[in-house]
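Read the structure below first, then the notes.
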Amino acid sequence: MKYLKISLLTFAVASALAGCGGGNSTAADTTTSTTSTVKSVEFSSMPAPTAAVDMAKSYSSSIAKVTYTDGTTKDFPLSYNKLFGVKDKVGGNANAAGQLYNYKMEPINDPLGKPVIAETPDANSLLKVGSNLFLISHLEYDWLLSDGSDAYKVANWYSRMPMSMLLTGITQGTDGKLSVKSQKPLDFSGVDGLWIPCFGSQTPWNTHLGSEEDYDLQFNPLNTSGYAATTAGLKALNEVYFKSEKTANPYNHGIIPEVTVKEDGSSSIVKHYAMGRGTWEMSKVMPDGKTAYMGDDGTHGFMLMFVADKAGDLSAGTIYAAKWTQTSADAGGKANLTWVKLGSGTDAEIKALADAATFATLFDAVAPTEGACPTGYTRVRAGSTADECLMVKTGQEKAAAFLESRRFAAIKGATTEFTKMEGIAVNDKDKRLYVAISAIRDSMTDDAKEPVNDIKLAKVSAGATYSADMKGGQKDTSGAAINSDYVATNMYVEAALLGKDITADALGNTADPNTVANTDNIFFSEKMRTLFIGEDSGMHVNNFVWAYNVDTKKLSRVLSAVAGAENTGLQVVEDMNGHAYVMSNSQHHGDWSTGKNAEVDKALATIDKFDANIGYIGGLPAIK
């Protein structure tokens, strides 16, 4: 993920969607069998677009073939529909949906005096709360200023913006069609603000679990590869979000937030410090309601597992980091996983530690000399390409474990060599975890100069979606029992889910357009036995959403997004009042270089880079 991007895919009854805006809207007979339930769903693979008119829009021409247990089948043409865009004022919201705010919920303006509107909708949670429907959507980052300038390259401006989430009340028609009823931005001032919220998920108890992808975690003044970014991020929080009236603390970010919505539309937000700190793409709670896995984006990342003390309560628990023991380097590689215990804690105690901590209170740090560290220090490469010599100060082990989780994991012997770890999904029937690795490169390749060289794979820039088998009865590396039946024990790649790099084709694709490139958001539908995969790729002109049937091993392209845009926000709702929805958004429209292909250039010339879609694919009946 460059930074996240996408659109909201929702499968609803196609007849309800005929005539809606945003792409193809093909009416279909969605009458379902009255005597039988759904046995299987198969998706046809739509062709990749080659004409400018198609490359410039988000659309679906896939057909879902539904087979019922009584032997009957029906075909359901799918279509894409836009619910709203980031420039739109909907549901009584006085400002554009993508507007960003300071801690007093005052709109933020850019240096030209115009509203700062994020072009990057991400995670979606469509939740039924009592008799009402609500959609929570992330706004990940700000890409463009109002004059079209790249917000990250403008002098005397901020390389980061404080971000936000939207709470949209949704009306569902009797035909399944969704529309906006109300909308308001969520206020994160009570939890120190929100920083780069990427993907998210829904808990088994019907709340939204967000993320903070804090790229600015390298808070070691000796580590010049990260400290400048940290300084810039804190400057934006201090001056833009807190208006120089409060001081931001880096240890209040990189934390998983949970949003609870009540039937009347009121909401509450907590940050789960007990789940550890990282560049979190997302967190996914397993069906046991207590085990969660986090995707740590970036280079030299780690894989974290959290086990709550009580099911349905993420405020207290134990964190573990994975150790990769490679068994094969072929086809994305294979490895066994073991788990290093980092520590146990509660939100309240870790928050108190965060409020008092600085990097200097947690670690003694020195720079390596010719690749070596003094006695007593551990050489680590965690979260950046620079090596550090670290020693945890006496009595600071718990604070280091939860506030500098990646560094502490490296010190304790866990693997910090994962790159671009993105979405997490779970297949409960097969007890299988899916982990998106957007690119196999850098720290995942064989490099004897690394402090530890656990992962030794061939470079695949297009990445892969890994599988991991989960089991109970496991012990951590110290021999203590892990209190979970959902412990990942290995990692491997199914053949269809390994990306394929190519020499640039006529359109400019540098990954095979018939395979997944740069997997990002993923979501598994239990009843459809299908893993949905959204791309965040600079290797495909148009990014796609794919449907992969884990039984038949068929991979089908089901959505093409606007050229240069990223697909994120995937969520499958199999039966919401008799209709099924699969959410997904598109962000940073038109983010592609010109001059590679005339037809692509023609498409780019028609794309509104200031807009981004929140919408849905319709056409599939409820899956029961």
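We use all heavy atoms of the structure for the numbers below, so side chains are in, but hydrogens, waters and symmetry mates are not. When a residue number appears, it is its place in the shown sequence, counting from 1.
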- Residues in side chain to side chain contact (heavy atoms under 4.5 Å, CB included) with Lys89, at least two apart? none
- Task: Just say parallel, tilted or perpendicular for the rings of Tyr616 and Tyr581, cut-offs at 30° and 60°.
- Result: perpendicular
- Query: About how many Å separate NZ of Lys181 and CG of Leu133, when rounded to the nearest 0.5 Å?
  - Reply: 9.0 Å
- Note on the structure: Output for pair (Asn518 CG, Ser438 OG), nearest 0.5 Å, gives 4.0 Å
- Message: Among Lys554, Lys65, Lys553, Lys74, exactly one meets salt bridge (charged side-chain N to carboxylate O under 4.0 Å, His left out) together with Glu42. Which residue is that?
- Response: Lys554
- Please check if the side chain of Asp591 supplies one atom and the backbone of Gly564 the other of a donor-acceptor pair under 3.5 Å. no
- Message: Using a strict threshold of under 4.0 Å (side-chain N to carboxylate O), is an ion pair present between Asp536 and Lys420?
- Response: no
- Message: Could you report the tightest heavy-atom contact between Ser164 and Pro185, atom names first, then the distance?
- Response: OG-CB, 4.1 Å
- Under the 3.5 angstrom rule, does the side chain of His540 hit a backbone N or O of Asp512 as a donor-acceptor pair? yes
- Query: Between Gln183 (side chain) and Leu166 (backbone), is there a donor-acceptor pair under 3.5 Å?
  - Reply: no
- Query: Taking the side chain from Ser556 and the backbone from Phe43, do they hold a donor-acceptor pair closer than 3.5 Å?
  - Reply: yes
- Task: Measure from the side-chain N and O atoms of Tyr486 to the backbone N and O of Lys290, and report whether any donor-acceptor pair falls under 3.5 Å.
- Result: no
- Taking Thr260 for the side chain and Thr207 for the main chain, is one N or O donor matched with an acceptor at less than 3.5 Å? no
- Query: Judged by atom type as modelled, is there a donor-acceptor pair below 3.5 Å linking the side chain of Thr291 to the main-chain atoms of Met286?
  - Reply: no
- Query: To the nearest 0.5 Å, what is the distance between CD (Glu119) and CG (Asp611)?
  - Reply: 9.5 Å
- Side chain to side chain, Tyr434 and Ser467, heavy atoms closer than 4.5 Å: yes
- Message: Please identify which of these residues, Lys39, Lys429, Arg529, meets the salt bridge (charged side-chain N to carboxylate O under 4.0 Å, His left out) condition with Asp551.
- Response: Arg529
- Can you tell if the side chain of Leu83 reaches within under 4.5 Å of the side chain of Leu135, non-hydrogen atoms only? yes
- Return yes if a side-chain donor-acceptor contact under 3.5 Å exists between Ser131 and Glu263, otherwise no. yes
- Item | Distance-only polar pair, side chains of Gln172 and His579, donor-acceptor under 3.5 Å | no
- Value for CH2 (Trp592) from CG (Asn597), rounded to nearest 0.5 Å, stands at 10.5 Å
- Audit row: Met421, Val435, side-chain contact (heavy atoms from CB on, under 4.5 Å) steps and yes/no: CA-CA 7 Å; Met421 185 181 290; Val435 180; 3.8 Å; yes
- Go through the steps to decide whether Asp296 and Glu281 satisfy the test side-chain contact (heavy atoms from CB on, under 4.5 Å), and finish with yes or no. CA-CA 6 Å; Asp296 183 40; Glu281 170 78 12; over 6 Å; no
Could you pull out all donor-acceptor pairs under 3.5 Å where a side-chain atom in residues 94-101 meets a protein atom, sequence neighbours excluded?
| residue | atom | partner | partner atom | Å |
| --- | --- | --- | --- | --- |
| Asn95 | ND2 | Tyr101 | OH | 3.2 |
| Gln99 | NE2 | Ile108 | O | 3.0 |
| Gln99 | NE2 | Val116 | O | 3.4 |

- Message: Any heavy-atom pair between the side chains of Leu178 and Met576 that's under 4.5 Å?
- Response: no
- Task: Please say which of Ile196, Ile255, Ile256 ends up in a side-chain contact (heavy atoms from CB on, under 4.5 Å) with Glu212.
- Result: Ile255
- Message: More than 12 heavy atoms of other residues, nucleotides or ligands under 6.0 Å from NZ of Lys527: yes or no?
- Response: yes
- Task: Kindly confirm or rule out a cation-pi arrangement of Lys284 over Phe523, judged by NZ or CZ under 6.0 Å from the six-membered ring centre and within 45° of its axis?
- Result: yes
- Query: Taking it one step at a time, do Asp147 and Asp110 satisfy side-chain contact (heavy atoms from CB on, under 4.5 Å)?
  - Reply: CA-CA 10 Å; Asp147 65 353; Asp110 71 9; 6.0 Å; no
- Backbone of Ala517 reached by a side-chain donor or acceptor of Glu535 within 3.5 Å: yes
- Task: Count the heavy atoms of every other residue, nucleotide or ligand shown that sit under 6.0 Å from NZ of Lys87, and state whether that count exceeds 12.
- Result: yes
- Item | Contact check, side chains of Cys198 and Ser211, non-hydrogen atoms, under 4.5 Å | yes
- Just by distance, do the side chain of Lys184 and the backbone of Gly265 share a donor-acceptor pair under 3.5 Å? yes
- Can you find a pair of side-chain heavy atoms, one from Val86 and one from Pro121, that are under 4.5 Å apart? yes
- Query: Do Tyr80 and Lys57 touch side chain to side chain, with heavy atoms closer than 4.5 Å?
  - Reply: no
- Task: Check the angle between the aromatic planes of Phe544 and Trp546 and answer parallel, tilted or perpendicular using the 30° and 60° thresholds.
- Result: perpendicular
- For Ser44 and Ser62, indicate whether the former's side chain and the latter's backbone hold a donor-acceptor pair under 3.5 Å. no
- Taking it one step at a time, do Glu213 and Trp195 satisfy side-chain contact (heavy atoms from CB on, under 4.5 Å)? CA-CA 7 Å; Glu213 191 175 53; Trp195 200 240; over 6 Å; no
- Item | Side chains of Ser525 and Glu574, donor plus acceptor under 3.5 Å | yes
- With a 3.5 Å cut-off and no angle check, do the side chains of Asn81 and Lys177 form a donor-acceptor pair? no
